[in-house]
Asks: 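Pasting a structure below so you can have a look.
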Amino acid sequence: MSAPEPPQPRVLFVGGLGRSGSTLLELLLAQSPDVCAVGEVVHLWERALGADERCGCGERFTACPFWRQVGEQAFGGWSAVDRDDVLALKDRVDRTRHIPRLAKGSLAPEQLADVRRYADLYTRIYRAALAVTGARVVVDSSKHASLAFALSWADDLDLRVLHLVRDSRAVAYSWGKQVRRPEVVDGEDFMPTFSPFEVSKLWTAQNAAFHLLASRAKVLRLRYEDFTADPAGTVRRLRDFSGLPDDPAALRILAGEPDPAAAPAAPFRAHSVAGNPLRFSGGPLTVRRDEAWRDRLPRRSRAVVSLATLPLRVRYGYLGQRGSDESVERA
């Protein structure tokens with residue numbers, strides 16, 4: 001008698017352009033034991049396997065017990081993974097330029113084989129993470145639309161996509177700042193910076209791609225501004241979207257949210273392989289809208305971004321009064 005097939009791993013994939021609050025949102029969701037947050041898995045092959053950077057728990061990737069167990073369950077050990085082969089496969093599949101092809105209703109046999117082999121690498125990691133933690137949902141905040149499209153071709157994956165959007169002007173201001181990467185152990189490294197025009201192109205391309213993805217996957221759209229206005233409500237909505245019951249205890253980590261009679265909750269440090277430096281912080285999580293861009297983004301830069309991203313900014317309700325905008329809408 002053959003062993004039963006393992007259940008489809010369920011993943012909540014957080015998509016959009018970086019600097020939109022995905023790390024904070026992921027950490028909030030990870031406070032519940034039925035959620036396993038793994039950071040930006042798209043960077044695992046280069047930053048974790050290649051550079052042995054620090055996991056969100058503080059340990060190097062190779063020293064982290066969680067990732068060692070995931071590697072054993074997924075591949076029989078990370079040493080069994082041919083990293084060069086994976087990176088070559090990634091280049092053939094997981095690039096923004098491949099999205100028009102991945103959005104089609106069918107693929108040529110060789111292309112389909114590549115896409116499914118690439119998606120299977122992630123499916124194995126998700127399934128192993130669930131097995132190691134006993135969680136029901138994995139949160140992958142990789143954000144790349146091309147990876148989300150590749151995952152939509154997987155044979156045995158329950159894919160739920162959160163399309164996280166933030167005002168393009170705020171995103172442009174954030175990408176202009178120099179931010180150190182604390183996960184780098186040897187030496188010092190910084191996150192890349194982009195000009196306002198470059199950010200405008202990336203913001204438009206990534207967000208437009210997730211509109212296209214809605215024809216292939218379950219997609220929920222959320223604005224960063226609405227998340228920061230109602231973090232507790234957002235967590236409840238996302239748990240419902242992920243097929244999870246409400247868990248009031250998960251919100252104790254929020255500064256200002258705990259029951260005054262209860263002891264403050266110690267934050268759970270997610271085993272994230274990449275993401276915002278916030279994932280290394282230790283105290284209660286404070287959710288507040290960062291609007292420094294309104295005073296600090298130069299007028300010329302603001303004008304460039306405003307004009308270049310105008311169509312989607314209108315669609316997302318970033319013009320005029322916010323009162324008529326829905327906090328969370330289906331794509």
Side-chain angles (χ1 to χ4, degrees), residues 6-14 18 22-87 89-90 94 117-144 147 150-151 154 156-157 159 181-187 189 191 266-282:
Q8 286 188 333
R10 185 181 308 165
V11 59
L12 178 65
F13 184 96
V14 183
S22 62
T23 298
L24 177 57
L25 182 56
E26 179 184 39
L27 287 174
L28 286 181
L29 293 169
Q31 300 310 307
S32 295
D34 54 6
V35 175
C36 171
V38 291
E40 301 174 8
V41 185
V42 71
H43 297 304
L44 182 149
W45 318 109
E46 294 169 296
R47 298 183 186 178
L49 280 182
D52 198 18
E53 293 182 349
R54 288 199 300 154
C55 167
C57 71
E59 297 283 355
R60 281 181 180 261
F61 179 79
T62 54
C64 173
F66 167 80
W67 284 110
R68 282 212 301 256
Q69 291 179 69
V70 168
E72 285 293 334
Q73 293 221 18
F75 307 107
W78 292 110
S79 60
V81 176
D82 185 336
R83 197 174 71 89
D84 291 337
D85 178 63
V86 173
L87 291 175
L89 181 62
K90 183 175 185 287
D94 189 359
R117 186 160 75 90
Y118 183 68
D120 181 62
L121 294 169
Y122 291 83
T123 301
R124 288 178 179 222
I125 291 172
Y126 301 147
R127 181 176 282 115
L130 292 175
V132 168
T133 61
R136 295 174 57 190
V137 172
V138 174
V139 180
D140 180 350
S141 58
S142 289
K143 289 183 282 295
H144 294 194
L147 174 54
L151 293 176
D156 53 353
L157 183 66
L159 177 66
R181 298 180 58 234
E183 60 265 46
V184 175
V185 181
D186 302 316
D189 193 21
M191 291 183 174
F268 172 74
R269 297 275 290 273
H271 291 285
S272 48
V273 292
N276 189 287
L278 170 69
R279 63 202 176 97
F280 293 105
S281 63

Asks: Is it the case that Tyr122 and Asp140 place a side-chain donor and acceptor less than 3.5 Å from each other?
Replies: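 Side-chain D/A pair, Tyr122 to Asp140: absent.
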Asks: Between Arg181 and Arg47, does the side-chain contact (heavy atoms from CB on, under 4.5 Å) criterion hold? Intermediate values first, please.
Replies: CA-CA 11 Å; Arg181 298 180 58 234; Arg47 298 183 186 178; 3.2 Å; yes
Asks: Rounded to the nearest 0.5 Å, how far apart are NE2 of His144 and CD of Glu40?
Replies: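 So the NE2 of His144 and the CD of Glu40 are separated by 7.0 Å.
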Asks: Tell me the closest heavy-atom pair linking Leu130 and Arg10, and the distance in Å.
Replies: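 Nearest heavy atoms, Leu130 then Arg10: CD1-N, 4.0 Å.
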Asks: Kindly give the heavy-atom pair with the smallest separation between Ser142 and Val41, and that separation in Å.
Replies: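 Taking Ser142 first and Val41 second, the nearest heavy atoms are OG-N, 3.1 Å.
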Asks: Would the distance check show the side chain of Ser141 and the main-chain N or O of Thr23 forming a donor-acceptor pair, the cut-off being under 3.5 Å?
Replies: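 Such a contact is absent between Ser141 side chain and Thr23 backbone.
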Asks: Please report the closest heavy-atom contact between Cys57 and Cys64, naming both atoms and the distance.
Replies: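 Looks like SG-SG, 3.9 Å.
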Asks: After noting the C-alpha distance and the side-chain angles of Phe75 and Ile125, does the key distance pass the side-chain contact (heavy atoms from CB on, under 4.5 Å) rule?
Replies: CA-CA 9 Å; Phe75 307 107; Ile125 291 172; 3.9 Å; yes
Asks: Can you tell me how far CZ of Arg117 sits from CG of Leu89, rounded to the nearest 0.5 angstrom?
Replies: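 Rounded to the nearest 0.5 Å, the CG-CZ separation comes out at 4.5 Å.
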Asks: Enter the distance from Lys90:NZ to Glu46:CD here, rounded to the nearest 0.5 Å.
Replies: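 The NZ atom of Lys90 sits 5.5 Å away from the CD atom of Glu46.
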Asks: Passes side-chain contact (heavy atoms from CB on, under 4.5 Å), Leu157 versus Phe13? Steps please.
Replies: CA-CA 12 Å; Leu157 183 66; Phe13 184 96; over 6 Å; no
Asks: So, does Glu26 use its side chain to make a donor-acceptor pair with the main chain of Gly39 at under 3.5 Å?
Replies: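 Side chain of Glu26 to backbone of Gly39: a pair is present.
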Asks: Looking only at heavy atoms, what is the nearest atom pair of Ala30 and Ala270, with distance?
Replies: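 In this case the closest contact between Ala30 and Ala270 is CB-CB, 4.3 Å.
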Asks: Return the minimal non-hydrogen interatomic distance between Ala74 and Arg124, and the atom names on each side.
Replies: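 Taking every non-hydrogen atom into account, O-NH1, 3.2 Å.
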Asks: So, the side chain of Arg136 versus the backbone of Asp34: is there a donor-acceptor pair under 3.5 Å, distance only?
Replies: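 No, the answer is negative, given that no donor and acceptor are paired below the 3.5 Å cut-off.
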Asks: Applying side-chain contact (heavy atoms from CB on, under 4.5 Å), run through Leu49 and Leu44 and close with a yes or a no.
Replies: CA-CA 6 Å; Leu49 280 182; Leu44 182 149; 3.9 Å; yes
Asks: Give the minimum heavy-atom separation between His271 and Cys55, together with the two atoms involved.
Replies: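 Taking His271 first and Cys55 second, the nearest heavy atoms are CA-SG, 3.3 Å.
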Asks: For the pair Trp67 and Trp78, name the ring-plane relationship: parallel under 30°, tilted 30 to 60°, perpendicular over 60°.
Replies: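 Ring orientation, 0 to 90° scale: tilted.
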Asks: Does Asp156 use its side chain to pair, donor to acceptor, with the backbone of Gln8 at less than 3.5 Å?
Replies: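 No, the answer is negative, given that no donor and acceptor are paired below the 3.5 Å cut-off.
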